[in-house]
Amino acid sequence: MTSSLFQPAQAGAVSLPNRVLMAPLTRSRAGQPGDVPTDLNVEYYVQRASAGLIVTEATQISRQGQGYAWTPGIYTDAQEAGWKRVVDAVHARGGRLSLQLWHVGRISHSLLQENGQAPVAPSALIAENSQCFVVQPDGTPANVPTETPRALATDELPGIVLQYRDATRRAKRAGFDLVEIHAANGYLLNQFLATGSNQRTDAYGGSLENRARLVLEVVDAVAAEIGADRTGIRLSPHFSGHGMVDDESEAITLYLAREFTRRGLAYLHIAEPDWAGGPDLTDSFRRQLREAFGGLLIFCGKYDRDSAAALIDAGIGDAVAFGRPFIANPDLVERMRRDAPLNKPDRNTFYGGGAEGYTDYPALAA
């Protein structure tokens with residue numbers, strides 16, 4: 001029943017040893033100052049190197065792109081060097097890594113922005129009922145409501161594209177096998193895609209094609225830097241967190257999937273809405289995605305060993321990414337192979353802190 005999970009797969013130029021992938025997981029443990037990966041982060045990723053592919057935690061492409069304290073970046077020399085140590089150590093264990101490139105857009109706060117500036121977004125619309133994680137002026141961390149962003153001017157958008165390209169150049173130098181453009185979960189690129197958050201009247205707003213324009217410009221810039229066959233992207237149709245509303249969610253997802261196929265992207269990673277609220281994806285829509293996208297199609301949601309294998313056996317998806325199971329089970333692939341019991345993740349240690357709840361979950365051998 002589960003054998004398909006352990007078959008090799010191809011993500012563009014990169015061969016994957018199995019189809020049990022590690023989803024991007026924000027853990028807020030980058031070294032300070034400077035949001036730099038440390039020895040602790042190296043250990044965490046090395047422990048999980050048996051995944052068919054590790055998609056790293058979301059990594060901001062600029063100071064402007066940050067929405068949470070203590071998340072790593074990929075826009076300084078120190079950050080690049082820190083990530084290179086992670087990559088070298090995971091490669092030494094036979095693992096493969098995709099760096100997730102992140103700009104949060106309006107899911108931010110002036111406390112995180114350079115010189116206390118306002119966050120940026122397609123339109124000056126606050127993300128309702130949304131929070132970000134900051135260090136307050138007195139030095140204490142806190143979850144605070146996001147602030148009203150300012151709308152990006154049309155002539156600023158090439159600079160946003162350049163942030164993605166520069167981050168990709170650094171990722172390539174650090175040795176990442178692939179990069180993943182984060183266009184999901186209510187962050188900047190998703191804000192441009194969605195009808196509710198994008199109220200622009202220029203070439204980047206209005207029609208479906210216009211709302212997709214920035215995403216495709218980013219895709220083209222990233223692919224020009226590292227190759228389309230080493231470029232992946234994450235989308236989240238029907239995501240309703242972070243105040244997101246999109247009347248054309250499925251239509252724009254399918255439009256983009258066809259455009260990604262034309263460009264030869266390595267993979268399309270679909271974050272299902274079942275963990276964040278929003279209507280479940282239908283099998284009909286999943287099959288339409290399969291028809292629209294020619295590369296490796298990854299689904300991520302509340303899958304377990306059997307439901308993941310069933311998805312692959314049905315020919316709908318090529319691989320499944322697992323989030324929380326990988327937090328608590330560094331050897332998740334082997335546990336699934338043996339149908340062994342899984343450790344339960346401790347929610348209290350998901351974000352921030354040190355080794356506890358990060359690198360101290362036991363492996364089967366222990």
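Both backbone and side-chain heavy atoms feed into the values below; hydrogens, waters and symmetry mates do not.
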What do the steps show when you test I270 against L297 for side-chain contact (heavy atoms from CB on, under 4.5 Å), and what is the final call?
CA-CA 8 Å; I270 298 294; L297 182 56; 4.2 Å; yes

Using only heavy-atom distances, determine whether the side chains of [X] and [Y] contain a donor-acceptor pair under 3.5 Å.
| X | Y | result |
| --- | --- | --- |
| N329 | R335 | yes |
| D346 | Y361 | no |
| E356 | T349 | no |

If two hydrophobic side chains count as joined below 4.5 Å and joins carry through other members, does [X] share a cluster with [Y]?
| X | Y | answer |
| --- | --- | --- |
| Y255 | I233 | yes |
| W70 | L111 | no |
| W83 | L53 | no |
| I107 | Y351 | no |
| V104 | L214 | no |

When you compare the side chain of [Y] with that of [X], does any pair of heavy atoms fall below 4.5 Å?
| X | Y | result |
| --- | --- | --- |
| S98 | T56 | no |
| R286 | E272 | yes |
| R347 | R324 | yes |
| L268 | L289 | yes |
| E334 | L364 | yes |
| E57 | P72 | yes |
| T261 | R258 | no |
| Q64 | Q113 | yes |

Is there a donor-acceptor contact under 3.5 Å from the side chain of [X] to the main chain of [Y]?
| X | Y | answer |
| --- | --- | --- |
| R29 | G352 | yes |
| R263 | A228 | no |
| Q60 | S62 | no |
| E180 | Q100 | no |
| Q136 | D138 | no |
| D318 | R19 | no |
| Q7 | S4 | no |
| S197 | Q191 | yes |
| E225 | K172 | no |
| N210 | G205 | yes |

Looking only at heavy atoms, what is the nearest atom pair of [X] and [Y], with distance?
| X | Y | answer |
| --- | --- | --- |
| L101 | A167 | CD2-CB, 4.1 Å |
| F6 | V333 | CE2-O, 3.7 Å |
| Y303 | F322 | O-CE2, 3.4 Å |
| Y68 | Q66 | O-NE2, 2.8 Å |
| C300 | A321 | SG-O, 3.4 Å |
| A171 | V179 | CB-CG1, 3.7 Å |

Is any side-chain N of the basic residue among [X] and [Y] closer than 4.0 Å to the acidic one's carboxylate O?
| X | Y | value |
| --- | --- | --- |
| R173 | E80 | yes |
| E209 | R213 | no |
| R165 | E217 | no |
| R48 | D331 | no |
| K84 | D88 | yes |

Measure from the ring center of H269 to the ring center of F299 and say whether it is less than 6.0 Å.
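Ring centres of F299 and H269 not closer than 6.0 Å.
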
Would a line drawn from the ring center of W102 to the ring center of Y164 be shorter than 6.0 Å?
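No, the ring centres sit 6.0 Å or more apart.
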
Name each donor-acceptor pair under 3.5 Å that joins a side chain in residues 120-133 to protein atoms two or more places apart or in another chain, with its distance.
residue, atom, partner, partner atom, Å
S123, OG, Q199, N, 2.8
S130, OG, E128, O, 3.1

So S110 and E147, side-chain hydrogen bond (donor to acceptor under 3.5 Å, both in side chains) or not? Walk me through it.
CA-CA 7 Å; S110 54; E147 291 182 330; 3.0 Å; yes

Drop me the distance from [X]'s [atom1] to [Y]'s [atom2], to the nearest 0.5 angstrom.
| X | Y | atom1 | atom2 | result |
| --- | --- | --- | --- | --- |
| F326 | Q47 | CZ | CD | 12.0 Å |
| M22 | L97 | CE | CG | 9.0 Å |
| T146 | L112 | OG1 | CG | 11.5 Å |
| R287 | L281 | CZ | CG | 13.5 Å |
| I61 | I160 | CD1 | CD1 | 6.5 Å |

Of L193, N185, N190, the residue whose pairing with L235 passes side-chain contact (heavy atoms from CB on, under 4.5 Å)
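In the set L193, N185, N190, the residue that makes a side-chain contact (heavy atoms from CB on, under 4.5 Å) with L235 is L193.
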
What do the steps show when you test L216 against L256 for side-chain contact (heavy atoms from CB on, under 4.5 Å), and what is the final call?
CA-CA 8 Å; L216 293 176; L256 286 170; 3.8 Å; yes

Which other residues end up in the same hydrophobic cluster as V245, if Ile, Leu, Val, Met, Phe, Trp and Tyr are linked when side-chain heavy atoms come under 4.5 Å apart?
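Besides V245, the hydrophobic cluster comprises nothing; the residue is isolated.
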
E250 and H238: side-chain hydrogen bond (donor to acceptor under 3.5 Å, both in side chains), yes or no, with the steps?
CA-CA 8 Å; E250 292 191 5; H238 293 304; 2.8 Å; yes

Please evaluate residues E248 and T195 with respect to the criterion side-chain hydrogen bond (donor to acceptor under 3.5 Å, both in side chains), reporting the C-alpha separation (whole Å), side-chain torsions for both, the decisive distance (0.1 Å), and the verdict.
CA-CA 7 Å; E248 296 184 313; T195 56; over 6 Å; no

In terms of ring plane angle, is the pair F293 and F260 parallel, tilted or perpendicular, where the classes change at 30° and 60°?
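Rings of F293 and F260: perpendicular, as their planes differ by over 60°.
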
One pair to check against side-chain contact (heavy atoms from CB on, under 4.5 Å): F285 and L254. What are the steps and the verdict?
CA-CA 9 Å; F285 176 62; L254 293 170; 3.8 Å; yes

Please report the C-alpha distance between D177 and H91 in whole Å, then the side-chain angles of each, then the deciding distance to 0.1 Å, and finally whether the side-chain hydrogen bond (donor to acceptor under 3.5 Å, both in side chains) criterion is met.
CA-CA 10 Å; D177 303 284; H91 281 170; 2.9 Å; yes

List the steps and the verdict of side-chain contact (heavy atoms from CB on, under 4.5 Å) for I316 and D283.
CA-CA 8 Å; I316 297 174; D283 276 343; 4.3 Å; yes

